[in-house]
Each structure stands twice: as structure tokens, then as C-alpha cells.
Amino acid sequence: MVSPTTASITSILYGKQRDNSLYSSSSANGIIKLWDLRDARSAIQSSEKSLDSTMRDITNHMSPSASLVSPKRARGICSMALDPSGSTIYAVAADSRIHQYSALTLQPPTSHVKNLTPHLPEPLSDPHLKVSSFYVRVAVSPCGQWLACGSSGGQVLVWSLGADFGSRTVILNPGGDNAGRETGAVDWASDGVLSSCSDDRTVRVWRPDVVTARSSRADVNGMATDWAVAS
């Protein structure tokens with residue numbers, strides 16, 4: 001549990017589609033704020049007066065069963081990430097889910113299916129995604145096809161953001177001494193390599209190497225001691 005008196009800014013993003021724009025989130029609540037850096041004073045004033053234009057409270061979309069601040073309701077955003085186009089914000093919240101919002105409107109995007117009414121996309125979630133601190137981070141790959149997130153359970157989770165949005169989840173389980181220890185920071189390289197940092201003071205580099213993965217699974221007592229393999 002995190003005391004409400006220790007509330008702080010947890011994530012800051014610079015906008016890609018709007019010049020001089022900045023997004024911020026806090027551990028105190030589920031609000032995403034959009035700031036106009038050309039006039040910081042007016043941005044602060046307008047954000048307090050108009051929730052629709054400069055702020056988005058995602059608390060209503062968060063599960064009430066989990067909270068890092070108060071046992072009464074889920075609060076706080078741990079981390080945010082923009083997709084490469086700068087059009088979508090992904091926010092990891094205290095309810096152990098990843099919420100999706102438009103960077104331009106701060107509204108959840110709607111999915112249009114033929115002959116069906118528009119509907120909001122479900123937040124990304126998985127039984128292995130556990131958020132019990134504000135150190136869990138999220139990152140989108142440079143190609144925009146994958147989203148990675150750490151977990152307080154020690155795993156790294158990767159979702160597909162393509163046409164099959166959220167339907168494919170890859171679990172990267174470090175194992176060994178990191179079992180049960182939180183994996184916080186994650187980040188992508190330009191060639192698709194993913195790095196993660198865990199509480200066992202180890203930085204791991206994950207590569208899409210099918211041959212090595214197959215060999216590691218086949219040689220459990222050999223290569224598996226040096227390589228961690230996705231499940």
C-alpha cells in the first residue's frame with residue numbers, strides 16, 4: 001500500500017502530433033492531464049476548470065477491486081506510453097490493466113464493426129499482469145505492433161497491437177532468482193530487441209530468436225540455465 005501523502009507525478013510524455021504539448025499522470029488519481037507549454041499558466045487554469053478539454057479521469061474505467069492508494073477504490077496511473085504516430089496513449093493503472101486513449105481528445109477510442117454500434121475497446125489485461133507499485137512501466141515498440149509491460153510478479157508481458165489487437169499475449173518469464181520479484185522498467189530498441197530491468201538487479205535483453213528458443217526448450221538442464229524463453 002502507498003500512502004496518499006506520498007502522491008507524485010508518475011509519468012510525463014511529450015506530444016508528437018501537437019507541438020508544445022505535454023501529458024502527465026499522478027499516483028494520486030486516475031487523471032491524465034494535457035498541458036500546452038506555450039502558456040503554462042493558462043494551461044493550469046483551464047485544466048482545473050474544464051475536464052473535457054485538458055484532463056481525462058480514467059477512474060470510472062478502472063476496476064474497483066484494486067488500489068495502490070486507498071482500499072476503497074482503484075487510483076493512480078503508474079506509467080504511460082505513446083505509440084510511434086503519437087495518436088494513442090497507453091496507461092498502466094493501479095487496477096492491473098492497460099487503458100487506451102486518444103492523444104488528441106483524451107477519450108477512449110471506439111471500435112467500429114459493420115452492422116454493430118461503436119464500442120470501447122477492453123483494457124489489456126492478463127492474470128500475470130500484477131501492479132502493486134508505481135514502478136511498473138509500459139513501452140510501445142518502434143514499429144507500433146507490440147506493447148510491453150513489466151509486472152510485480154516478475155514477468156514481462158507483450159501484447160499485439162495489430163489487427164488482432166490484444167488477442168496475442170507473450171509471457172516473458174525470467175525465472176531463476178527473479179521469481180516473485182518485480183520487473184519494472186521495459187524499453188525497446190530500434191531493431192525490435194526488448195530490454196527489462198528487475199528487482200534482482202539484472203537487466204535482461206529479449207531477442208526474437210526462434211532457433212535459440214527451441215534449443216532452450218529442448219535442453220532444459222543445459223541452455224535453459226543461460227536463456228529465458230517466452231511462453
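In what follows, residues are counted from 1 in the order of the sequence shown.
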Is a side-chain N or O of [X] found less than 3.5 angstrom from the main chain of [Y], in a donor-acceptor match?
X      : Y      : answer
Ser152 : Ser132 : yes
Thr10  : Ile77  : yes
Ser102 : Leu104 : yes

Could you tell me whether the side chain of [Y] reaches within less than 4.5 Å of the side chain of [X], counting heavy atoms only?
X      : Y      : value
Trp35  : Ser21  : no
Asp36  : Asn20  : yes
Thr88  : Val140 : no
Cys149 : Trp159 : yes

Measuring from atom [atom1] of [X] to atom [atom2] of [Y], what distance do you get when rounded to the nearest 0.5 angstrom?
X      : Y      : atom1 : atom2 : result
Ser195 : Arg204 : OG    : CZ    : 11.5 Å
Tyr101 : Leu34  : OH    : CG    : 15.0 Å
Ile89  : Ile98  : CD1   : CD1   : 14.0 Å
Ile171 : Leu157 : CD1   : CG    : 4.0 Å
Lys33  : Ile12  : NZ    : CD1   : 11.5 Å
Arg137 : Ser151 : CZ    : OG    : 14.0 Å

Side-chain donor-acceptor contact under 3.5 Å, Ser11 with Ser79: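 Judged by distance alone, the side chains do not pair up.
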Linked, directly or transitively: Tyr135 and Val92 (ILVMFWY side chains, under 4.5 Å):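 Not linked; separate clusters.
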Please give me the minimum heavy-atom distance between [X] and [Y], naming the atom from each residue.
X      : Y      : answer
Val158 : Ala148 : CG2-CB, 4.2 Å
Gln100 : Tyr90  : CG-CE2, 3.9 Å
Ser190 : Pro142 : CA-CG, 3.9 Å
Ser96  : Ser125 : O-CB, 4.5 Å
Val136 : Thr183 : CG2-O, 4.5 Å
Tyr23  : Ala103 : OH-O, 2.5 Å

| message | If the test is side-chain contact (heavy atoms from CB on, under 4.5 Å), which one of Cys78, Ser8, Ser25, Ser26 qualifies with Phe134? | response |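 Checked Cys78, Ser8, Ser25, Ser26 against Phe134; only one passes side-chain contact (heavy atoms from CB on, under 4.5 Å): Cys78.
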